[in-house]
**Student:** 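Here it is, the structure, as structure tokens.
Just follow the structure's listing: the first ligand is 1, and inside any ligand the first atom is 1.
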Amino acid sequence: MKLLEGKTVLVTGASTGIGRAAAIGAAQHGANVVINYAHSDAAAADCVAQIEATGQRGLAVKGDVADPQTAQDFVAKAVDAFGSVDVMVSNAGICPFHAFLDMPVEVVERTFRVNLHGAYFMVQAAANQMVKQGKGGSIVAVSSISALVGGEFQTHYTPTKAGVHSLMQSTAIALGRHGIRCNSVLPGTILTEINKDDLADIEKRKYMEQRTPLGRLGMPEDLAGPIVFLASDMAAYVTGAALLVDGGMFVNLQ
Ligand SMILES: NC(=O)C1=CN([C@@H]2O[C@H](COP(=O)(O)OP(=O)(O)OC[C@H]3O[C@@H](n4cnc5c(N)ncnc54)[C@H](O)[C@@H]3O)[C@@H](O)[C@H]2O)C=CC1
Ligand SMILES: C[C@H](O)[C@@H]1OC(=O)[C@H](O)[C@@H]1O
């Protein structure tokens, strides 16, 4: 069964990792997909090729989510191309690991701007378009297990993920009357570019694997199903929810 037939799905930071898997997963479920990306034109083109290989249409729009204008342009280009915005997956993020006591101001500010401000303006731009269309919609934000627990080298990052989680709770209230649902997914440790260097430390990687009751770290594709589900009408009565997708890591105290 295809869950997103006839819908237009927008995904930020979708040339790699979780965003890419979500974009391709949405296309496999019958959606046309517009991706935002900031860096590699080739990686974005490859993602669009994978979307189109499913028989759906794809479009890549370059832009830095930290700039509020990027959100306006992204939504406008999606509407120009496919006529509407039905789903926004706010996914773009960075996590430059660094110790707390000497954390550079620029690293804190950039992480806040990309992860939290970027999500805020993307969600707001999509919501305004959805309200104009008058047929509701679904917003899924990629938060993190790190919204709920800390990280020694993530003191600048975990507050942004808690912020994204909180943003979905507040926008669920603000947008419920418009039939727009807002939920977050909270991935555990997923093998992507964002933590490639961090997990090159074999001991750390083994430790993270041992903390995971399902016995392995996540792959980007592990997020595609939960994101597609929350985006779809299967989740028609789900809003303001946060879905851990972590192989059980969060509950594994002892
Ligand atoms: N990999 C993991 O273990 C976890 C990742 N997450 C979150 O998942 C999201 C996706 O990350 P991953 O797929 O893991 O890593 P990734 O590095 O593959 O993906 C992040 C994407 O965001 C893009 N991006 C970065 N800055 C941007 C900007 N200013 N404007 C537009 N795009 C930008 C990157 O180019 C990249 O494509 C992030 O928000 C991250 O915080 C959450 C929990 C765990
Ligand atoms: C980048 C981290 O490895 C990753 O991102 C998160 O949000 C979690 O802290 C994961 O471990």
**Student:** List, by chain and then residue number, the residues other than L116 in its hydrophobic cluster (Ile/Leu/Val/Met/Phe/Trp/Tyr, side-chain heavy atoms under 4.5 Å); write none if there are no others.
**Tutor:** V164
**Student:** Is there a side-chain contact between I51 and I35 (heavy atoms, below 4.5 Å)?
**Tutor:** yes
**Student:** Tell me, please, which residues at least two apart from D198 pass salt bridge (Lys or Arg N to Asp or Glu O under 4.0 Å).
**Tutor:** K204
**Student:** Are the charged groups of K206 and E209 less than 4.0 angstrom apart, N to O?
**Tutor:**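 Judged by the 4.0 Å cut-off on N to carboxylate O distance, K206 and E209 do not form a salt bridge.
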**Student:** Taking I139 as the starting point, is it possible to reach V238 by hopping between hydrophobic residues whose side chains are less than 4.5 Å apart?
**Tutor:** no
**Student:** Counting only heavy atoms not in F121, do more than 12 sit closer than 6.0 Å to its CZ atom?
**Tutor:**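 More than 12 within 6.0 Å, yes.
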**Student:** Can you list, by chain and residue number, every protein residue with a non-hydrogen atom closer than 4.0 Å to ligand 1?
**Tutor:**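 Within 4.0 Å of ligand 1, the protein residues are G13, S15, T16, G17, I18, N36, A38, H39, G63, D64, V65, N91, A92, G93, I94, R110, V114, V142, S143, S144, Y157, K161, P187, G188, T189, I190, T192, E193, I194, N195.
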**Student:** Indicate yes or no: does D46 engage R20 in a salt bridge with an N to O separation below 4.0 Å.
**Tutor:** yes
**Student:** Would you mind listing each N/O atom of ligand 2 next to any protein N/O under 3.5 Å, plus the distance?
**Tutor:**
from	atom 1	to	atom 2	distance (Å)
ligand 2	3 (O)	N195	ND2	3.3
ligand 2	5 (O)	Y157	OH	3.3
ligand 2	7 (O)	S144	OG	2.5
ligand 2	7 (O)	S146	OG	3.4
ligand 2	7 (O)	Y157	OH	2.6
ligand 2	9 (O)	S146	OG	2.6
ligand 2	9 (O)	Q154	NE2	3.0
ligand 2	11 (O)	T189	OG1	3.0

**Student:** Does the distance from a Lys or Arg side-chain N to an Asp or Glu carboxylate O, for D64 and R110, drop under 4.0 Å?
**Tutor:**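 Looking at R110 together with D64, the answer is yes, because their closest N to O distance falls below 4.0 Å.
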**Student:** Side chains of R205 and L217, heavy atoms from C-beta outward: is any pair under 4.5 Å?
**Tutor:** yes
